[in-house]
**Q** 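Dropping a structure here in C-alpha cells format, bear with me for questions.
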Amino acid sequence: MGATTLRGAHLGAIDIITHRHLLLDYGERVVEPEMIEPVVIEPVVNREKLLHLLALQTEYPTLDYKASCDLRKQCPDRQRNQVELAKDVGAMSVRGGFIVGGVDGHGVPTGEMTPAHAAAFDEAQLRPVLLRWLPETLEIRTQSHEVHGQHVVVIYIAPNPAGCAFFRADGQYGQGKDSKTIFRQGEVFYREGTESRRLSQQGLEQVIAQRVQRERARWEAEHAAEFRRLAHELTTGGAGQQITRAPAAAFNLTLEVDVLTAAAIELLRAGDDIPLRLLLNDARTQARHLLAQGDVAALTGLVDRVTCLAATFLTLERPQWFERAIATLASIYDLPLEAVGIGRSYVPSPIAAFWLMVCERVLALGSLAVRLRNWPAVAVLAAHRIPISDTSQRTWIHHTGVMINRAELLKDQTEGAVFLLSRARAVVRQLTCLHPDLPGEDERILTSLTQFDFLACLVGCHLRAGYYPNFAPFETWRTRPVTELLLHEPSMRQVIFSGDDRRLAAALRQIDAEAQQAGWKYDGWAGYSDPVENFITTHLPMLSTAKCVSPLVAK
C-alpha cells in the first residue's frame with residue numbers, strides 16, 4: 001500500500017506518515033514507524049530551551065552544534081565564518097531550527113566561546129551580517145547563556161515564509177587562487193541529515209511542503225476578517241439570533257473555530273442545547289470516518305474544534321458542557337482501541353501519532369484549567385483511563401507516552417517529556433481559544449503546563465493508573481507553587497488527591513524521586529520547597545513509596 005505524507009499547520013513542522021484505511025483497519029500488516037525528531041521548533045532561546053537542546057547530545061536536521069564561530073572584526077577568518085554561518089542559516093530556513101555555538105558534537109561546552117565572541121552574535125549585530133546573503137524575510141532570535149561556567153550562544157531560525165531562502169549574493173571568502181565559493185546567488189540550501197547542502201529532489205519536497213503550509217496559513221489569514229465579522233454578529237445577536245431559529249444541523253463541525261465557539265455561546269444564551277448535543281454526538285462518528293480514511297489534517301481540525309468548545313465552556317464556567325466536551329475527546333481518543341483491542345503492547349506509528357495529537361490538546365486544556373484555578377476541570381482532564389488488561393489501566397496522558405515510545409515515534413526516546421510539553425505549548429500558540437487570558441508567547445503558559453502535568457501525576461498515582469513526570473526537565477520554579485497550593489487549599493486537594501495525609505506524603509515523595517532522576521541532566525526539577533518537605537517528613541517519617549503504578553514499570 002502506498003504512503004502519503006500529510007503535512008499541516010496543525011501538526012507543526014513534523015511529518016507524520018500515514019496510510020489510507022490503515023488506522024482502524026490495519027489488521028496484521030507490518031508498518032515501518034516514521035520517527036520524528038525530538039527538537040520542537042519554537043521561537044524560544046532562553047536558558048531552559050538551551051539546556052533541552054544540549055541534553056539531546058547529538059545533532060539533527062533542525063539542530064546544529066558549533067564548537068567555535070568567531071565573528072569578531074579582528075578575526076582573520078571572519079569572512080569565512082560569516083559565509084559558513086549564512087549557509088547553515090539559509091539551509092535551516094526551510095524547516096526552521098536552532099544553531100548552538102560554543103559546544104562540541106555532543107552538546108558539551110568547549111570554553112572557546114568568550115564574552116567577546118558571544119557579543120558578536122547579538123541579534124542586532126548578527127542580522128545585518130546575514131542579510132548580505134539572505135532575504136529580508138529572515139527571522140532569527142539569539143541569546144547568550146552561561147552553562148557550567150562557559151559561554152554558549154543559541155540561535156533560533158524561523159521557517160522562511162517562501163518555504164526556503166534564496167541567497168541574494170555569492171558566498172565567497174579568500175582572495176585570488178585561494179578564493180572559495182560556498183554558494184551562489186539564487187541558490188537554495190536545505191538540511192540533509194546534519195549537513196547543509198544544495199537543494200535536491202528530497203529538499204524540494206520539503207520546500208513544497210513548507211509552501212503548502214504557508215499558503216494555507218495565508219488563506220486562513222485572508223478569511224480571518226470575515227470569520228471575525230460573523231463571530232461578532234453571532235455574539236451581538238444578529239446572526240446569532242438566526243442560528244437559534246435555524247435547523248440544528250446548521251451548527252456543525254464544518255464551521256470555522258471562531259464562528260463555532262461564538263455560535264455555541266449564543267446557543268447557551270438562548271437555552272437551546274439540542275444543537276450542542278447533536279454536534280458532540282456526531283463528532284465521534286466523524287472522527288471514526290476520518291481515522292479510517294487516514295485524513296490527518298481534517299481529523300486534527302475536528303479535534304481542534306472540540307478542544308476549542310471545551311476551552312470556551314471552561315472559560316465560561318459551564319462545567320456540564322465542559323465535561324461533555326472532554327467525554328467527546330475521550331471517546332475519540334479511544335477509537336483505535338476498537339481495532340487494536342485492550343492490552344496491545346504495540347501499535348503502528350500512525351495510531352501513536354493520533355494519540356499524541358489528542359494528548360497535546362488535553363495538556364493544553366489542562367494548562368488553561370490551572371490558570372483559571374478550576375481544579376475539578378484539572379481532575380476531569382487527568383483522570384480518563386485506558387484499560388491495558390483486565391485489572392490494569394493507564395491515564396490517557398501516561399498511555400500516550402508509553403505508546404509513542406513503543407511505536408518508536410521519537411528518535412531519542414529519553415526526550416519524550418520535553419517533547420510532549422513543548423508540543424502542547426505549540427498547540428496553545430496555534431489556537432487562540434486556549435489562551436484567552438494571556439498573549440500566546442507568555443511564559444506563564446508553559447508554567448501552567450508543567451503545573452498541570454504535576455497534578456496529573458498525582459491523579460494518576462491516586463488512581464493507580466501510572467504517570468510520568470513530564471514536568472521534570474523544566475525549571476523547578478515553574479512547578480513548585482502548585483505543590484505548595486495543594487497543601488493550603490482543601491478544596492483543591494479533595495478533587496486532586498482525596499487520600500489521607502500519609503498517602504499524599506508518600507505519593508509526593510515518589511513523584512519527587514522520579515522527577516529528580518528524570519530532570520537532573522536538564523538542571524530541571526530540584527525538589528520541593530521547605531513547606532512541602534516538612535509536610536512529607538511529618539506524615540512519612542519512615543522511607544516509603546506510594547502505592548501507585550511506577551512509571552518505570554510501564555515503559
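Sequence positions, counted from 1, serve as the residue numbers for this chain.
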**Q** With a 4.0 Å cut-off on N to O distance, would you call Glu146 and Arg47 a salt bridge?
**A**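 Salt bridge absent between Glu146 and Arg47.
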**Q** State yes or no: are the ring centers of Tyr65 and His106 separated by less than 6.0 Å?
**A**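 No, the ring of Tyr65 stays outside the 6.0 Å limit from the ring of His106, centre to centre.
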**Q** Do any pairs count as a disulfide (SG to SG under 2.5 Å) and have a residue in residues 301-343, sequence neighbours left out, and if so which ones?
**A**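 Qualifying pairs, neighbours excluded: Cys308-Cys433.
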**Q** How close do Pro439 and Ile445 get, heavy atom to heavy atom, and via which atoms?
**A**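 In terms of heavy atoms, the two residues are closest at O-CD1, 3.4 Å.
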**Q** Would you please indicate yes or no on a ring centroid separation below 6.0 angstrom for His398 and Tyr467?
**A**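 For Tyr467 and His398, the ring centres are not under 6.0 Å apart.
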**Q** For Ile41 and Phe98, work out which heavy atoms get closest and say how close.
**A**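 It is CA-CE1, 4.0 Å.
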**Q** Look at Lys66 together with Asp64 and state whether they make a salt bridge at an N to O cut-off of under 4.0 Å.
**A**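 Answer for the salt bridge query: yes.
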**Q** Can you find a heavy atom in the side chain of Phe474 that is under 4.5 Å from one in the side chain of Ser422?
**A**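 Side chain of Phe474 against side chain of Ser422, heavy atoms only: contact under 4.5 Å found.
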**Q** Does some side-chain heavy atom of Cys457 sit less than 4.5 Å from a side-chain heavy atom of Asn470?
**A**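 They are not in side-chain contact.
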**Q** So among Asp512, Thr450, Thr476, which one has a side-chain hydrogen bond (donor to acceptor under 3.5 Å, both in side chains) with Trp525?
**A**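 Per the side-chain hydrogen bond (donor to acceptor under 3.5 Å, both in side chains) rule, the option paired with Trp525 is Asp512, out of Asp512, Thr450, Thr476.
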**Q** Consider only side-chain N and O atoms of Arg478 and Thr447, and report whether a donor and an acceptor are under 3.5 Å apart.
**A**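 On atom types as modelled, these side chains qualify, holding a pair under 3.5 Å.
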**Q** Could you check whether Gln150 and Thr110, counting side-chain N and O atoms only, form a donor-acceptor pair closer than 3.5 Å?
**A**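 No - no donor-acceptor pair under 3.5 Å links their side chains.
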**Q** Could you walk me through whether Val108 and Val103 pass the side-chain contact (heavy atoms from CB on, under 4.5 Å) check?
**A** CA-CA 5 Å; Val108 178; Val103 299; 5.9 Å; no
**Q** Before you tell me yes or no, could you show the steps for Phe121 and Met113 under side-chain contact (heavy atoms from CB on, under 4.5 Å), namely the whole-Å CA-CA distance, both residues' side-chain angles and the distance that decides it to 0.1 Å?
**A** CA-CA 11 Å; Phe121 284 88; Met113 179 74 68; 4.1 Å; yes
**Q** Once rounded to the nearest 0.5 Å, what's the spacing between atom NE2 of His488 and atom OG1 of Thr483?
**A**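 Here the rounded value is 9.5 Å.
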**Q** Under 4.5 Å between any side-chain heavy atoms of Val153 and Val100, yes or no?
**A**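 A side-chain contact under 4.5 Å is absent here.
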**Q** Please check if the side chain of Asn534 supplies one atom and the backbone of Asp530 the other of a donor-acceptor pair under 3.5 Å.
**A**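 The answer is yes, because a donor-acceptor pair under 3.5 Å joins these two groups.
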**Q** Should Arg444 and Asp437 count as an ion pair when the cut-off is N to O under 4.0 Å?
**A**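 Result for this pair is no, no salt bridge flagged.
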**Q** Please answer whether the main-chain N or O of Leu276 pairs with a side-chain N or O of Asp273 as donor and acceptor at a distance below 3.5 Å.
**A**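 No; judged by distance alone, with no hydrogens or angles, the pair does not exist.
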**Q** Between Gly460 and Thr395, what is the shortest heavy-atom contact and its length?
**A**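 Closest approach of Gly460 to Thr395, heavy atoms only: CA-CG2, 3.9 Å.
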**Q** Before giving the answer on side-chain contact (heavy atoms from CB on, under 4.5 Å), spell out for Leu56 and Leu54 the whole-Å C-alpha distance, their side-chain angles and the decisive distance to 0.1 Å.
**A** CA-CA 5 Å; Leu56 294 171; Leu54 298 183; over 6 Å; no
**Q** Any side-chain heavy atom of Arg361 within less than 4.5 Å of one from Asp304?
**A**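 The answer is yes, as the side chains (C-beta and beyond) meet within the 4.5 Å cut-off.
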**Q** Please confirm whether the backbone N or O of Gln494 pairs with a side-chain atom of Ser498, one donor and one acceptor, at under 3.5 Å?
**A**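 Not a single qualifying donor-acceptor pair exists.
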**Q** Do Ile155 and Val45 touch side chain to side chain, with heavy atoms closer than 4.5 Å?
**A**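 No, their side chains stay 4.5 Å or more apart.
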**Q** Restricting to salt bridge (charged side-chain N to carboxylate O under 4.0 Å, His left out), what partner residues turn up for Arg284, sequence neighbours left out?
**A**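 With neighbours one apart ignored, the set is Glu338.
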**Q** Do you know which two heavy atoms are closest between His539 and Asp501, and how far apart they sit?
**A**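 For His539 and Asp501, the tightest heavy-atom pair comes out as CE1-OD2, 3.2 Å.
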**Q** Measure the NE2-CD distance between His435 and Gln430 for me, rounded to the nearest 0.5 Å.
**A**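 Output value for this atom pair is 10.0 Å.
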**Q** Indicate whether the side chain of Ser448 and that of Arg371 have a donor and an acceptor atom separated by less than 3.5 Å.
**A**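 Yes.
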**Q** Evaluate the ring planes of Trp321 and Phe313, with Trp represented by its six-membered ring, and classify them as parallel (under 30°), tilted (30 to 60°) or perpendicular (over 60°).
**A**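 Tilted, since the angle between the ring planes falls between 30° and 60°.
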**Q** Run the side-chain hydrogen bond (donor to acceptor under 3.5 Å, both in side chains) test on His151 and Thr114 for me, step by step, so that the C-alpha distance in whole Å, both residues' side-chain angles and the decisive distance to 0.1 Å come before the verdict.
**A** CA-CA 6 Å; His151 288 273; Thr114 68; over 6 Å; no
**Q** What closest approach, in Å, do Ala352 and Val347 show between heavy atoms, and which atom pair accounts for it?
**A**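 Minimum heavy-atom contact is N-CG2, 4.0 Å.
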**Q** Could you state the interatomic distance from CG (Asn46) to CG (Leu51), rounded to the nearest 0.5 Å?
**A**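 Asn46 atom CG to Leu51 atom CG measures 9.0 Å (nearest 0.5 Å).
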**Q** How about Trp477: does its CH2 atom have over 12 heavy atoms from other parts shown lying under 6.0 Å from it?
**A**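 Counting neighbours around CH2 of Trp477, more than 12 heavy atoms of other residues, nucleotides or ligands fall under 6.0 Å, so yes.
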**Q** Could you tell me whether the side chain of Pro469 reaches within less than 4.5 Å of the side chain of Phe454, counting heavy atoms only?
**A**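 Side chain of Phe454 against side chain of Pro469, heavy atoms only: no contact under 4.5 Å found.
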**Q** If the test is salt bridge (charged side-chain N to carboxylate O under 4.0 Å, His left out), which one of Arg191, Arg95, Arg423 qualifies with Glu37?
**A**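 Answer to the salt bridge (charged side-chain N to carboxylate O under 4.0 Å, His left out) test with Glu37 among Arg191, Arg95, Arg423: Arg95.
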**Q** Quick check for you: to the nearest 0.5 Å, what is the distance between Leu508 atom CG and Leu540 atom CG?
**A**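 If we round to the nearest 0.5 Å, Leu508:CG and Leu540:CG are 9.5 Å apart.
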**Q** Should the pair Trp396 and His384 be assigned to parallel (<30°), tilted (30 to 60°) or perpendicular (>60°) ring geometry?
**A**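 Perpendicular.
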**Q** Looking at Leu486 and Arg493, what are the two nearest heavy atoms and their distance?
**A**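 Minimum heavy-atom contact is O-CB, 3.6 Å.
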**Q** What verdict does the salt bridge (charged side-chain N to carboxylate O under 4.0 Å, His left out) test give for Glu533 and Arg509, after you've listed the backbone C-alpha separation in whole Å, the side-chain angles of each residue and the deciding distance to 0.1 Å?
**A** CA-CA 9 Å; Glu533 281 292 342; Arg509 174 59 70 220; 3.1 Å; yes
**Q** Quick test of your reading of the model: are Arg141 and Glu123 salt-bridged, counting only N-O distances below 4.0 Å?
**A**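 No, Arg141 and Glu123 are not salt-bridged.
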**Q** What is the ring orientation for His462 with Phe497, classed by angle as parallel under 30°, tilted 30 to 60°, or perpendicular over 60°?
**A**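 Correct class here is tilted.
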**Q** Are any non-hydrogen side-chain atoms of Phe452 and Leu365 less than 4.5 angstrom apart?
**A**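 Sidechains of Leu365 and Phe452: no contact.
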**Q** Compare all side-chain heavy atoms of Leu455 with those of Val482 and state whether any distance is below 4.5 angstrom.
**A**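 The answer is yes; the side chains approach within 4.5 Å.
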**Q** To the nearest 0.5 Å, how far apart are OG1 in Thr400 and CZ in Arg394?
**A**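 Spacing of OG1 (Thr400) from CZ (Arg394) equals 10.5 Å.
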**Q** Should we say atom CG of Asp500 is surrounded by more than 12 heavy atoms from elsewhere, each under 6.0 Å from it?
**A**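 Yes.
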**Q** If the condition is side chain to side chain contact (heavy atoms under 4.5 Å, CB included), which residues does Gln320 pass it with, not counting sequence neighbours?
**A**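 Gln320: side chain to side chain contact (heavy atoms under 4.5 Å, CB included) contacts with Arg277, Arg324.
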**Q** To the nearest 0.5 Å, tell me how far Arg385 CZ sits from Ile397 CD1.
**A**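 Interatomic distance, Arg385 CZ to Ile397 CD1, rounded to 0.5 Å: 12.5 Å.
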**Q** For side-chain contact (heavy atoms from CB on, under 4.5 Å), just list the numbers for Leu434 and Thr307, CA-CA rounded to whole Å, side-chain angles, deciding distance to a tenth of an Å, and then say yes or no.
**A** CA-CA 8 Å; Leu434 291 170; Thr307 298; 3.9 Å; yes
